Amino acid sequence: MTGDPVDYVRTLKEGTGADIAVQGSLSIVSQLLEAGLIDALTRALHPVVAGAGRGIFDGDAPKRLSLTDVQNTSKGNLLVTNGPRQD
């Protein structure tokens with residue numbers, strides 16, 4: 001992929017095909033969230049204290065999400081999925 005990731009994903013969403021997944025890019029996920037292009041957000045939560053740093057929800061756009069799924073892994077991690085809130 002070259003160019004603006006928001007434009008790229010917007011073009012993909014306008015087409016036909018399967019789900020789009022982004023893995024491991026805080027910057028791109030934050031941009032897509034700000035642009036309203038994320039239908040579901042699944043995060044792996046690990047039981048560790050990381051301290052300070054950048055967060056996925058640091059931008060200015062409202063983040064009204066609903067919990068759609070939670071899975072507990074055998075290693076003690078949580079897979080948490082949220083989608084857009086419908087109110």
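As a basis for the values below, the full set of heavy atoms in this structure was taken, side chains included, without hydrogen atoms, waters or symmetry mates. Quick caveat: nothing in here was measured; it's all calculated off a predicted structure.
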Measuring from atom [atom1] of [X] to atom [atom2] of [Y], what distance do you get when rounded to the nearest 0.5 angstrom?
X: Thr68; Y: Asp39; atom1: OG1; atom2: CG; value: 11.0 Å
X: Leu78; Y: Asn72; atom1: CG; atom2: CG; value: 5.5 Å
X: Ile38; Y: Leu33; atom1: CD1; atom2: CG; value: 5.0 Å
X: Tyr8; Y: Leu32; atom1: OH; atom2: CG; value: 12.0 Å
X: Arg10; Y: Leu37; atom1: CZ; atom2: CG; value: 5.0 Å
X: Asp69; Y: Asn82; atom1: CG; atom2: CG; value: 10.0 Å

Report task. Indicate, with yes or no, if Val6 and Val29 share a hydrophobic cluster defined by side-chain heavy-atom contacts under 4.5 Å among Ile, Leu, Val, Met, Phe, Trp and Tyr. Result -> yes

Query - Leu67 vs Val80 side-chain heavy atoms within contact, under 4.5 Å - result: yes

Query raised in the report: Passes side-chain hydrogen bond (donor to acceptor under 3.5 Å, both in side chains), Gln31 versus Ser27? Steps please.
Result: CA-CA 6 Å; Gln31 291 176 58; Ser27 173; 3.2 Å; yes

Query raised in the report: Has the side chain of Thr81 got a donor or acceptor atom that lies under 3.5 Å from a matching backbone atom of Leu41?
Result: no

Query raised in the report: How far apart are the C-alpha atoms of Thr73 and Leu79, what are their side-chain angles, what is the distance that settles it, and do they pass the side-chain contact (heavy atoms from CB on, under 4.5 Å) test?
Result: CA-CA 8 Å; Thr73 71; Leu79 298 178; 4.1 Å; yes

